[in-house]
S.K.: 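The following block contains the structure, expressed as structure tokens.
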2 protein chains.
Amino acid sequence: MIKFKNNEYQCSMELTIALIGGKWKALILWHLGDKTLRYSEMRKVIPNVTPKMLTQQLRELEDSGLVKRLIYTQIPPKVEYSLTKAGQSLLPILDTMCKWGQNYANEYEHNMQELKLAKEE
Amino acid sequence: MIKFKNNEYQCSMELTIALIGGKWKALILWHLGDKTLRYSEMRKVIPNVTPKMLTQQLRELEDSGLVKRLIYTQIPPKVEYSLTKAGQSLLPILDTMCKWGQNYANEYEHNMQELKLAKEE
DNA sequence: CAGAATCCCTGCCGATACTG
DNA sequence: CAGTATCGGCAGGGATTCTG
């Protein structure tokens, strides 16, 4: 059991899910990678996200210490996002998840066929 | 871009998230590991889950080909759940996520302190 | 024992318009 | 450019009761 910020988790994986789960967070982290992206650039690489959701998710990632936000006080405004060390430490996991999904999709038909045959025995 | 079951994903990681995301799925998979668990046993190891949610999530995992469901036609009923090969192939990821969460929680204070100092420069 | 059925509600997420 | 503000849908999740 693990406590963190007023929440209790049975397993530390629940914490991981709470931190990078949801529809956008993992995708944002993955697109950042070791690059630095401006807000408008993020909107281009993740075209489906609305400004509200993007801002909200970025703020939560910042609060978790996974993303850094660098503000240039100038006009027009400029803000750059990048991963912190903690954020970078997630990249191997995200990479593996990405590859797993790819492989899963490729083998889906084949696997389901096998399961079906096993069931009919 | 990747299409799967009437859904489109920008990245195969989105597919992975769709398959094992949500509040319970990863936890269910993790607890199964290489064991076989009965329905009632699963309720014990994941005490917070309601029967409705547990059944629903197990069915979705079964439809995805990640979990096997073995029914013993007897009275009283007995149903055993276990991971398929595809499900087992997720275990390394789940394991890494678990360790990452643990490590994140341990180093949180320290990391946040560092970020704060960096900001004040 | 292993669930199905029913009712209900929160909060995630989206669309659109507006602003320093 | 980098966001807020406002409104609102709806699906994910929950509590409780019932059944083969």
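Lettering follows sequence order; numbering is per chain, from 1. All values below come from the heavy atoms of this structure, side chains included, with hydrogens, waters and symmetry mates left out. Small disclaimer: the values here were computed from a predicted structure and weren't measured.
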S.K.: Figure out the CD1/C1' separation between B:Ile75 and C:dC1, and round it to whole Å.
M.R.: 10 Å
S.K.: Going by an N to O cut-off under 4.0 Å, is there a salt bridge joining B:Glu60 and B:Lys25?
M.R.: yes
S.K.: Output the rest of the hydrophobic cluster of B:Tyr72: all Ile, Leu, Val, Met, Phe, Trp and Tyr residues reachable through side-chain heavy-atom contacts under 4.5 Å, sorted by chain and number.
M.R.: B:Leu70
S.K.: Identify whether any heavy atom of B:Tyr81 sits under 4.0 Å from a base atom; if not, whether one sits that close to sugar-phosphate; answer base, sugar-phosphate or nothing.
M.R.: sugar-phosphate
S.K.: Between A:Asp63 and A:Arg59, does at least one N-O distance fall below 4.0 Å, as a salt bridge requires?
M.R.: no
S.K.: Does A:Arg38 put a side-chain nitrogen or oxygen below 4.0 Å from OP1 or OP2 of D:dC1?
M.R.: no
S.K.: Send over the distance from A:Tyr72 OH to D:dA2 P, rounded to a whole Å.
M.R.: 11 Å
S.K.: Looking at C:dG3, I'd like to know if its phosphate oxygens (OP1 or OP2) sit under 4.0 Å from a side-chain N or O belonging to B:Arg69.
M.R.: yes
S.K.: For D:dA2 and A:Ser40 - does any side-chain N or O of the residue sit under 4.0 Å from the phosphate oxygens OP1/OP2?
M.R.: yes
S.K.: Taking the side chain of A:Tyr39 as heavy atoms from C-beta outward, which of D:dG14, D:dG3, C:dG14 is closest to it?
M.R.: D:dG3
S.K.: So, is A:Arg59 near the phosphate of D:dT4, with a side-chain N or O under 4.0 Å from OP1 or OP2?
M.R.: yes
S.K.: Between P on D:dC1 and NZ on A:Lys44, what's the gap in Å once rounded to a whole number?
M.R.: 8 Å
S.K.: Need to verify one output field. Residue with the more 5' nearest nucleotide on DNA chain D, B:Pro51 or A:Thr55?
M.R.: A:Thr55
S.K.: Is there side-chain contact between B:Glu14 and A:Leu27, with heavy atoms separated by less than 4.5 Å?
M.R.: yes
S.K.: Nearest-Å distance, CG (B:Leu54) to C1' (D:dT16)?
M.R.: 17 Å
S.K.: What integer distance in Å separates B:Trp24:CH2 from D:dG14:C1'?
M.R.: 10 Å
S.K.: Between atom CD in A:Glu80 and atom P in D:dC1, what is the gap in whole Å?
M.R.: 15 Å
S.K.: Which part of the nucleic acid, if any, lies within contact of A:Arg43, taking any heavy atom under 4.0 Å across all strands shown: a base, the sugar-phosphate backbone alone, or nothing?
M.R.: nothing
S.K.: Output the rounded distance in Å from CD (A:Gln57) to C1' (D:dA2).
M.R.: 17 Å
S.K.: Taking the side chain as C-beta and beyond, is there a heavy-atom pair between B:Leu66 and B:Leu83 under 4.5 Å?
M.R.: no
S.K.: Could you state the atom-to-atom distance from NZ of A:Lys52 to P of C:dC13 in whole Å?
M.R.: 10 Å
